[in-house]
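Sequence positions, counted from 1, serve as the residue numbers for this chain.
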Amino acid sequence: MIELKNVQKSYDGGATLAVADTSLTIERGEFLGLIGASGCGKTTTLKMINRLEEPSSGEILVNGRNVIDQNPEQLRRNIGYVFQGIGLFPHRTVAENVAAVPQLLQWSAGDIRARCEECMEMVGLPFDEYGDRSPSQLSGGQQQRIGVARALAARPEVVLMDEPFGALDPITRSELQEEFKSIQQNMALTVVMVTHDMTEALLLADRIAVMREGVVLQIGTPKELLNNPSHDYVRDIVAMPRRRAQRLEELMRNE
């Protein structure tokens, strides 16, 4: 579904290397987590898939087509995008936000409304109750739900997510993670999600790519990374959730 072939991204005429010779394949319907410290190249890698960043070299294929050969605006309309800042249009209603891409694709008014109703119901915010509200009338969790609904409105096969749940409180975050995983499985979406939270990656992703300084150190299933880390950095990052759980157990025992 998505294939990166020897992809590299550099700045300053090649002096700064953000992503180094990366190759990976994401199968149709797969959920891939990209994880690593800030500045490791994971968000740059994500953005190159829909040409928010242009690769300096190599090829990126989506559905067998090189993204460089496609119109960037048309490419992005066919790929859902969810990010931490949400980015809802403040002067449009919730329904108008969800309808943004179908309108650009010139769907009929009836099809747009039906799809908005479907997507808003999917994220637990019924159209009749929330459609006419403004984004400012929603909580942070509700806004993020609308961000997901908007990303799904044009029926994309691919959804890119950049720290989509990072700004939410723990309870809302957990609820949205579970809801989105269910949606992803039901719709057979191909998802690439950037996160700095290893627990989130382990719970949501089918496979995880661990990046450091622009290089993918290891890619594998959660079980493979937990049981067979191939690099000290991978070993350290996958051990973090376990260490936190052990620390909580110690605190509970000492109460």
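- Put simply, the side chain of Leu204 reaches to within 4.5 Å of the side chain of Met193, judged on heavy atoms.
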Notebook entry, point to check: Given Glu53 and Arg51, is the side-chain contact (heavy atoms from CB on, under 4.5 Å) satisfied, shown in steps?
Noted result: CA-CA 5 Å; Glu53 293 276 2; Arg51 294 188 64 187; over 6 Å; no

Note to self: Run Leu125 and Ile146 through side-chain contact (heavy atoms from CB on, under 4.5 Å) and show every step you take.
What the structure shows: CA-CA 8 Å; Leu125 299 174; Ile146 294 302; 3.6 Å; yes

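- Here Glu178 does not pair with Lys181 in a salt bridge; the nearest charged N to carboxylate O distance is not below 4.0 Å.
- The distance from atom CD1 of Ile237 to atom CG of Leu225, rounded to the nearest 0.5 Å, is 9.5 Å.
- Inspection of the Asn6 and Glu59 side chains reveals no N or O donor paired with an N or O acceptor under 3.5 Å.
- Gln142 contributes a side-chain N or O that, together with a main-chain N or O of Ser139, makes up a donor-acceptor pair within less than 3.5 Å.
- Interatomic distance, Ile2 CD1 to Leu4 CG, rounded to the nearest 0.5 Å: 8.0 Å.
- Between His231 and Tyr233, the ring planes are perpendicular. Angles over 60° get that label, and only those under 30° would be called parallel.
- Checked by atom type and distance alone, the side chain of Asn78 pairs as donor or acceptor with a backbone atom of Gln74 at under 3.5 Å.
- Taking hydrophobic clusters as Ile, Leu, Val, Met, Phe, Trp and Tyr residues chained together by side-chain heavy-atom distances below 4.5 Å, Val101 does not share a cluster with Ile183.
- Closest heavy-atom contact between Val82 and Gly147: CG2-O, 4.1 Å.
- In terms of heavy-atom proximity, Gly29 sits nearest to Asp206 at O-OD2, 4.1 Å.
- Salt bridge present: Arg173 and Asp197 bring a charged side-chain N and a carboxylate O closer than 4.0 Å.
- For the atom pair Gln103 CD and Ile112 CD1, the distance stands at 5.0 Å (nearest 0.5 Å).
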Margin query: Val192 vs Met161, test: side-chain contact (heavy atoms from CB on, under 4.5 Å). Steps then yes/no.
Written below: CA-CA 6 Å; Val192 183; Met161 310 182 82; over 6 Å; no

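- By the 4.5 Å heavy-atom criterion applied to side chains, Tyr81 and Arg150 are not counted as neighbours.
- Of all the heavy atoms in Leu152 and Arg115, the pair that sits closest is O-NH2, 2.8 Å.
- Judged by distance alone, with hydrogens and angles left aside, the side-chain atoms of Asp111 form no donor-acceptor pair with the main-chain N or O of Trp107 at under 3.5 Å.
- When the shell of 6.0 Å around CG of Asp132 is examined, it contains 12 or fewer heavy atoms from other residues, nucleotides or ligands.
- Between Ala205 and Pro222 the shortest heavy-atom distance is O-CG, 3.5 Å.
- Ion pairing between a basic and an acidic side chain is recognised when a charged N comes within 4.0 Å of a carboxylate O; Glu117 and Arg113 show such pairing.
- Contact detail for Val159 and Pro156: the closest heavy-atom pair is CG2-CG, 4.2 Å.
- Looking at Glu30 and Met1, their side chains never come closer than 4.5 Å, going by heavy atoms from C-beta outward.
- Formation of a donor-acceptor pair under 3.5 Å by the Arg28 side chain with backbone atoms of Thr190 is not found in this model.
- Under the 4.5 Å side-chain heavy-atom criterion for Ile, Leu, Val, Met, Phe, Trp and Tyr, Leu52 and Leu61 are members of distinct hydrophobic clusters.
- Between Asn50 and Leu160, the closest side-chain pair of non-hydrogen atoms falls below 4.5 Å.
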Next item on the list: Determine, step by step, whether Phe165 and Gln177 satisfy the side-chain contact (heavy atoms from CB on, under 4.5 Å) criterion, reporting the C-alpha distance in whole Å, the side-chain angles of both residues, the deciding distance to 0.1 Å, and the verdict.
Entry: CA-CA 8 Å; Phe165 312 120; Gln177 287 170 343; 3.7 Å; yes

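- Checking each of Met198, Gln218, Glu224 against Val238 for a side chain to side chain contact (heavy atoms under 4.5 Å, CB included) leaves exactly one that passes, namely Met198.
- In this structure, the separation between NZ on Lys223 and OG1 on Thr221 is 8.0 Å, given to the nearest 0.5 Å.
- Thr44 pairs by the side-chain hydrogen bond (donor to acceptor under 3.5 Å, both in side chains) definition with nothing, not counting sequence neighbours.
- Val194 and Phe83 fall within the same hydrophobic cluster, where Ile, Leu, Val, Met, Phe, Trp and Tyr residues are linked whenever their side-chain heavy atoms come under 4.5 Å apart, directly or through other members.
- Val7 and Pro55 get closest at one heavy-atom pair: CG1-CB, 4.1 Å.
- In this structure, Val158 and Leu189 have side chains that are not in contact, with every pair of non-hydrogen atoms separated by 4.5 Å or more.
- In this structure, the side chains of Val98 and Met120 come closer than 4.5 Å at one or more pairs of heavy atoms.
- Rounded to the nearest 0.5 angstrom, Arg76 CZ and Ile49 CD1 are separated by 13.0 Å.
- Hydrophobic clustering (side-chain heavy atoms under 4.5 Å, transitive across Ile, Leu, Val, Met, Phe, Trp, Tyr) keeps Val191 apart from Leu203.
- In summary, Glu54 and Lys9 do not engage in a salt bridge, as defined by a charged side-chain N under 4.0 Å from a carboxylate O.
- Distance OG1/Thr195 to CD1/Ile35: 5.5 Å, rounded to 0.5 Å.
- Here Arg207 does not pair with Glu27 in a salt bridge; the nearest charged N to carboxylate O distance is not below 4.0 Å.
- With hydrogens and angles ignored, the 3.5 Å screen pairs a side-chain donor or acceptor of Lys42 with a backbone N or O of Ala37.
- Side-chain contact check for Met122 versus Met187: some heavy-atom pair is nearer than 4.5 Å.
- Side chain of Thr45 to main chain of Gly41: a donor-acceptor pair is present (N/O by atom type, distance under 3.5 Å, no hydrogens or angles).
- Glu129 CD: more than 12 foreign heavy atoms inside a 6.0 Å radius.
- Looking only at distances, a side-chain donor or acceptor of Glu96 sits under 3.5 Å from a matching main-chain atom of Thr93.
- Not one N or O on the side chain of Gln8 forms a donor-acceptor pair closer than 3.5 Å with the backbone of Ser56.
- Contact check for Ser134 versus Val94: no side-chain heavy atoms found under the 4.5 Å cut-off.
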